[in-house]
Amino acid sequence: MQRKRDLLRVVDLTRDEILALWDSALRLKSLKRLPSSLQGKVMALIFEKPSTRTRVSFESAMLKLGGSTIFLSTKDLQLARGEPIKDTARVLSRYVDVAVLRTYKQETIEEFASYATIPVINGLSDKHHPCQALSDFLTLYELCRLSPEEKVVWIGDGNNVAHSWLEVCAILGLPITVCCPEGFDPDENLLAELKTKYQARIEIVRDPKSAIEGATIVSTDVWASMGQEEEAERRKEVFKPYQLNSELLSLAKGNVLVLHCLPAHRDEEITEEVLEGKNSIVWLQAENKMWLHMALLEFLLL
Ligand code: CP
Ligand code: NVA
């Protein structure tokens with residue numbers, strides 16, 4: 001029997017698999033009538049944290065392809081009363097066909113996946129947000145804006161979404177500039193791993209102006225992620241010079257595309273003007289999560 005596949009990090013996929021996922025997502029997007037390819041399949045979403053996009057786009061993707069979904073907030077499961085994650089994984093594997101987890105710790109998803117006998121998808125942890133980066137780059141692929149000639153810049157916190165962006169860029173051989181305040185760089189073990197394994201071209205730049213100069217693709221994210229609420233006020237001070245505003249963006253190329261995984265904190269990491277401006281592709285980016293999730297569910301389940 002073929003071993004089940006999980007998506008816990010972007011590096012769980014090969015370059016060819018990522019390209020095939022994107023082609024499949026765009027094919028599904030182009031259809032007038034979607035197939036009932038996942039009829040009879042059941043997906044559980046096990047979430048420790050809030051979600052609008054990831055939850056609804058996964059549920060909608062499954063339902064539109066004929067499958068069913070069960071949303072499980074961890075506070076309603078016996079997990080909340082101390083049942084181990086490894087027991088939960090083995091039991092749920094006997095009821096459902098695939099599980100999407102959103103947890104505080106990456107290790108929780110990894111432990112669940114190691115005991116589960118069904119495919120497990122990371123719907124965000126403290127370390128990674130693979131589905132986000134895969135759908136963000138699907139959007140760039142759709143717009144024919146994926147080439148090593150593009151200047152890709154991640155500005156703000158070197159967080160979970162940044163890590164997954166770095167992994168996509170490493171696998172696809174795209175250079176990326178990361179602009180974070182000192183102390184907020186992406187995880188150094190991850191940087192070393194990507195450099196060794198993929199010869200990743202990652203440049204860390206402290207000065208926002210030099211980072212954005214000539215950029216053609218710029219992404220940012222909240223300064224305090226879920227689970228870091230207590231640090232939010234301190235972070236606002238440190239990150240202030242890293243705000244994506246019109247003045248900073250004027251240093252980028254005229255055709256620059258602005259991305260944000262959302263939810264956005266307007267006038268913190270990004271101004272209203274930039275978020276709603278002509279270079280922003282955030283709504284298309286949000287939509288494409290659903291098409292990517294459809295392709296991913298078919299990939300893991302069929
Ligand atoms: N971008 C994203 O994952 O959004 P949600 O937190 O709403 O799922
Ligand atoms: N970095 C953010 C992403 C939210 C989708 C967080 O983890 O809260």
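Hydrogens, waters and symmetry mates play no part in the numbers below; they use all other heavy atoms, side chains included. One-based numbering, in listed order, for ligands and for the atoms of each.
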Hits for side chain to side chain contact (heavy atoms under 4.5 Å, CB included) against Val205, two or more places apart or cross-chain, chain-then-number order -> Thr177, Glu203, Ser210, Ala211
Write down the atom of Ser280, the atom of Val274, and the distance for their closest heavy-atom approach.
CB-O, 3.5 Å
What atoms of ligand 2 come within less than 4.0 Å of a heavy atom belonging to Leu262?
5 (C)
Distance to 0.1 Å, residue and atom name: give those for the protein heavy atom nearest to atom 4 (C) of ligand 2.
Leu124 CD1, 3.8 Å
Angle class for the Tyr141/Trp22 ring planes (parallel below 30°, perpendicular above 60°, tilted otherwise)?
tilted
Does OH in Tyr95 sit with more than 12 non-hydrogen atoms of other residues, nucleotides or ligands closer than 6.0 Å?
no
Distance to 0.1 Å, residue and atom name: give those for the protein heavy atom nearest to atom 7 (O) of ligand 2.
Asn160 ND2, 2.8 Å
Applying side chain to side chain contact (heavy atoms under 4.5 Å, CB included), can you list everything that pairs with Thr103, at least two apart in sequence or on another chain?
Glu48, Leu101, Thr108, Ile109, Ser125
Counting only heavy atoms closer than 4.0 Å, does ligand 2 sit against the backbone of Thr54, its side chain, both, or neither?
neither
Select one of side chain, backbone, both or neither to describe which atoms of Asp126 lie under 4.0 Å from any atom of ligand 2, heavy atoms only.
neither
Can you check whether Phe184 and Tyr242 have ring centres sitting under 6.0 Å from each other?
no
So, are Lys86 and Glu111 salt-bridged, with charged N and O less than 4.0 Å apart?
no
Polar contacts were defined as any N/O atom of the residue lying under 3.5 Å from an N/O atom of the ligand; does this apply to Asp221 and ligand 2?
yes
Contact check: Ser225 vs ligand 2, nitrogen or oxygen atoms, below 3.5 angstrom
yes
Show which side-chain atoms of residues 68-78 pair as donor or acceptor with protein atoms under 3.5 Å away, not counting sequence neighbours.
residue: Thr69; atom: OG1; partner: Glu59; partner atom: OE1; Å: 2.6
residue: Ser73; atom: OG; partner: Lys75; partner atom: N; Å: 3.4
residue: Thr74; atom: OG1; partner: Phe47; partner atom: O; Å: 3.4
residue: Gln78; atom: OE1; partner: Arg81; partner atom: NH1; Å: 2.6

Lys195, NZ atom: more than 12 neighbouring heavy atoms under 6.0 Å
yes
Lining ligand 1 at under 4.0 Å, by non-hydrogen atom distance, are residues Ser51, Thr52, Arg53, Thr54, Arg102, His129, Gln132, Cys261, Leu262, Lys289
Do any N/O atoms on Lys49 end up under 3.5 angstrom from N/O atoms on ligand 2?
no
If we number the atoms of ligand 2 from 1 as shown, the ones under 4.0 Å from a heavy atom of Met226 are 6 (C), 7 (O), 8 (O)
Check Glu276 with Arg266, please: is the shortest side-chain N to carboxylate O separation under 4.0 Å?
yes
